[in-house]
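As structure tokens, the structure follows; a few thoughts come after it.
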Protein chains: 2
Amino acid sequence: MAGQENKNKTDGLDDRKLRILHAVIRNYLETGEPVGSRTISKYTDLNLSSATIRNEMSDLEEMGYIVQPHTSAGRIPTDKAYRLYVDTMMEEKEREISDLKGLLSEAEEKMDLMLKKVARVLAVNTNYATVVTAPAIHGNKLKFIQLSRVDDAQLLATIVVEGNVIRNSMIPVDEVINEETLLKLNILLNSHLNGMSLDEINLGMITLLKEQAGIHAGIVGDILDAVAQAIRGDEDLEVYTSGATNILKYPELADNQKAGELINTFEEKKALAKIAEESLDDGSTGGIQVYIGEEAPIDSMKDCSVVTATYELGDGMRGSIAIVGPKRMDYDKVVGTLKTMKDELENTYKKKGGGGKKKGSAGKKE
Amino acid sequence: MAGQENKNKTDGLDDRKLRILHAVIRNYLETGEPVGSRTISKYTDLNLSSATIRNEMSDLEEMGYIVQPHTSAGRIPTDKAYRLYVDTMMEEKEREISDLKGLLSEAEEKMDLMLKKVARVLAVNTNYATVVTAPAIHGNKLKFIQLSRVDDAQLLATIVVEGNVIRNSMIPVDEVINEETLLKLNILLNSHLNGMSLDEINLGMITLLKEQAGIHAGIVGDILDAVAQAIRGDEDLEVYTSGATNILKYPELADNQKAGELINTFEEKKALAKIAEESLDDGSTGGIQVYIGEEAPIDSMKDCSVVTATYELGDGMRGSIAIVGPKRMDYDKVVGTLKTMKDELENTYKKKGGGGKKKGSAGKKE
DNA sequence: GATTAGCACTCTAAAGAAATGAGTGCTAAC
DNA sequence: GTTAGCACTCATTTCTTTAGAGTGCTAATC
């Protein structure tokens, strides 16, 4: 199957062309400069003269794998070439490059701190910009509700969802609620709702609850809204970023004012959630996905490449780690690094419930 | 008094020099280009020839108010000149420039959203970078604690502080806590701690509580730690930023890689808390403070000017709004804008308790 | 004494001009 | 099919020139 797929992709590329193309790509990844025929002539062990290479490169250009920025310049790879490169690379190597094993010197107790740390470590280590989204809860269940009295005018609803996601919500009330009523409401809500998923809390259930709440139906309504939000949890999908300014390190990105827009995207954070959504769908390539240029999920990243990894903590909790850099990114290293991080995160938090434990950071690995 | 202070500051500056200096500053603020004698000769209504202006400017340079970037260039103001300018400006005008009155089209219900909005509106409107810190609670009191059982291994402590700041904390437990014990602990904690400030929860109190908790002393200890954090609230002083990339719009800041560092400061956010601390101390100038160049509270802003406003919501809750831009900032507009925002915020949230109300955004003003 | 006109001088920024060199495409020979 | 050779292109660098803005100084004027 891999063979056939290969044939499809490398359509018309004989082995020599392929080797030359790879040489061009690798060289360009390193230097960032257009690659000339003479360079390839020496760089490969094909023992071909530059003239021959020139002929081949001319073919490659016609096929859309490389272009010249201008006449009389070397060639640079197109998005098509990167795609080919990445695909074959991903197929060939399943080897884990964990040169940054143990880079997260110690696991953080709190998940948000941990994710922040992941983002920062990745950014510092790769010199690209990073985005980490906290695990979103998909189809999760309500654990319990705690209703407390804050003052005469408002109640506090503390909602805990499976996976120990906690959400507080202020519920305004018109009349004073006494302790007894509060207790009743607490029992009412918990006895009916505990263990429920969003789907299961249907109109019938809601009507039943409101009926039983009597004159406090309004309050119950407010609480249910808060519950819905807590379970869905989409509103405040936490996003952590780091190293946005790394973008300025790559001339091809730093120049124009597009760099500003891009960094702005990182500052706003809001749009970045799209990266998570996009990459969550797929589970094929070991949770790693590569978007090159136009494929990028966000407009301001059209000149970049985006590599995402989805980590999976069980209980349907999935988050994503993404790296954003120039198209001439060190895909090899980035993919390896992401895999390592993904493993690290999964090992640390999987099935231990959101909060995490103090000890035992990287148990399973190796 | 103002006169004397003026005399101190404008030491050796006669009226004409002062007017010329002001003209240089204003012109430079507008254009960003060094200002020549001929320009001033026309720009002011002094009716002096360029030659005379040159003589005066030569004096001003000697006095340290202006410098030439190089021989045969016009003059640009020094930090000293900006300081003078800002000080006299602040003295002279108490008039509120509210050209962005009602810019916050509608008040947000939730404070964090509101502050985010303030940051964004300011950034878009001024074209500078903005920092808004949420009100920190100083010397605040505990409202109540709600202890709930999450599962066999952990409890959830929900801590509400005056001003309705809510904090959740997971408390790991070794043995299973039954409902009755939980109720007892709840009562124990609330009966002793409600209404207490951090100072009042002293060692005696702590010992007393632990004694009464018996075998659950450990749990009480953990809870008290969480309470301390909640009241202090310093750990996660919320910081909202916007328009960091505006910095790239000003050539004098965008050029070097210092711009990267600066934007990075905004991304990290952590260091920005220092702005709040710094500016909170002072209440003299109507809550507005201007830091020019070297005076800036953060290292990476040494080439910028920082204008901060402290807003005061009563109950000791104070936060800050800051604007970071080039030294040739439109101080006039910025100060006016900040004052307006400060008022807007105070009117919206003052004494209504953190949550805010839906209606009545800009009541008092004008 | 203060102000101004005039002029020589300085230095930057912009515009041209020339040199450099990397790289290509093509052709003819191997 | 491969290669050597050569003419040609074009970005980049360097040097030169030019233009212009602005100063500082001096001598004349008010």
Side-chain angles (χ1 to χ4, degrees), chain A residues 12-21 23-28 30-78 81 251-252 255-256, chain B residues 12-21 23-28 30-78 81 251-252 254-255:
Chain A
L13 283 179
D14 57 27
D15 187 57
R16 195 170 74 174
K17 279 194 174 54
L18 203 57
R19 289 179 71 179
I20 292 173
L21 180 56
V24 171
I25 296 174
R26 263 199 302 277
N27 198 287
Y28 184 69
E30 273 178 34
T31 64
E33 299 286 309
V35 187
S37 55
R38 229 177 94 80
T39 311
I40 299 300
S41 172
K42 290 188 231 166
Y43 196 74
T44 60
D45 48 0
L46 288 168
N47 281 342
L48 293 173
S49 77
S50 62
T52 311
I53 304 287
R54 271 203 290 285
N55 291 331
E56 294 287 45
M57 282 171 94
S58 181
D59 290 353
L60 283 170
E61 178 155 26
E62 208 165 274
M63 297 164 98
Y65 287 106
I66 49 180
V67 285
Q68 293 178 278
H70 53 83
T71 347
S72 87
R75 309 302 217 285
I76 63 176
T78 60
E252 67 262 49
D255 266 3
N256 40 34
Chain B
L13 283 178
D14 57 29
D15 187 58
R16 196 170 73 176
K17 280 196 173 54
L18 202 57
R19 289 179 70 180
I20 292 173
L21 180 55
V24 171
I25 296 174
R26 264 197 303 275
N27 198 286
Y28 185 69
E30 272 178 35
T31 64
E33 299 285 309
V35 187
S37 54
R38 229 175 94 80
T39 312
I40 299 299
S41 170
K42 289 188 234 167
Y43 196 75
T44 61
D45 49 359
L46 288 166
N47 281 342
L48 293 172
S49 76
S50 62
T52 311
I53 305 288
R54 272 202 290 285
N55 290 332
E56 295 286 46
M57 283 171 92
S58 181
D59 291 352
L60 283 169
E61 178 155 27
E62 208 165 274
M63 296 163 99
Y65 286 106
I66 49 180
V67 286
Q68 291 178 279
H70 54 85
T71 346
S72 87
R75 308 305 216 282
I76 63 176
T78 61
E252 67 263 48
D255 266 2

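Throughout, a chain's letter reflects where its sequence line sits, starting with A, and its residues are numbered from 1.
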Worksheet item: Would one find a side-chain N or O of B/Ser72 under 4.0 angstrom from OP1 or OP2 of D/dA21?
Response: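 Result: no.
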
Just wondering, do [Y] and [X] contact through their side chains at under 4.5 Å, heavy atoms?
X       : Y       : value
A/Glu56 : A/Ile40 : no
A/Arg19 : A/Leu46 : yes
B/Tyr65 : B/Val24 : no

Worksheet entry | Residue met sooner reading DNA chain C from 5', once B/Ala51 and A/Thr39 are mapped to nucleotides | B/Ala51

Measure from [atom1] on [X] to [atom2] on [N] and round the result to the nearest Å.
X       : N      : atom1 : atom2 : result
A/Leu46 : D/dG1  : CG    : P     : 17 Å
B/Gln68 : D/dG22 : CD    : C1'   : 8 Å
A/Glu56 : D/dG1  : CD    : C1'   : 10 Å
B/Glu33 : D/dG20 : CD    : C1'   : 13 Å

Fill in: Outermost DNA chain C nucleotides near chain B [under 4.0 Å, heavy atoms]
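It runs C/dT3 to C/dT12.
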
Worksheet item: Checking all strands, does B/Ser37 fall into the base, sugar-phosphate, or nothing category for heavy-atom contacts under 4.0 angstrom?
Response: sugar-phosphate

Item to complete: For B/Thr71, answer base if it contacts any base atom (sugar-phosphate contacts may also be present), sugar-phosphate if it contacts only those atoms, and nothing otherwise; contact means non-hydrogen atoms under 4.0 Å.
Response: sugar-phosphate

Please report the closest heavy-atom contact between [X] and [Y], naming both atoms and the distance.
X       : Y       : result
B/Lys17 : B/Leu60 : O-CD1, 4.0 Å
A/Ala23 : A/Thr44 : CB-CG2, 3.5 Å
B/Ser50 : B/Ser41 : N-OG, 3.7 Å

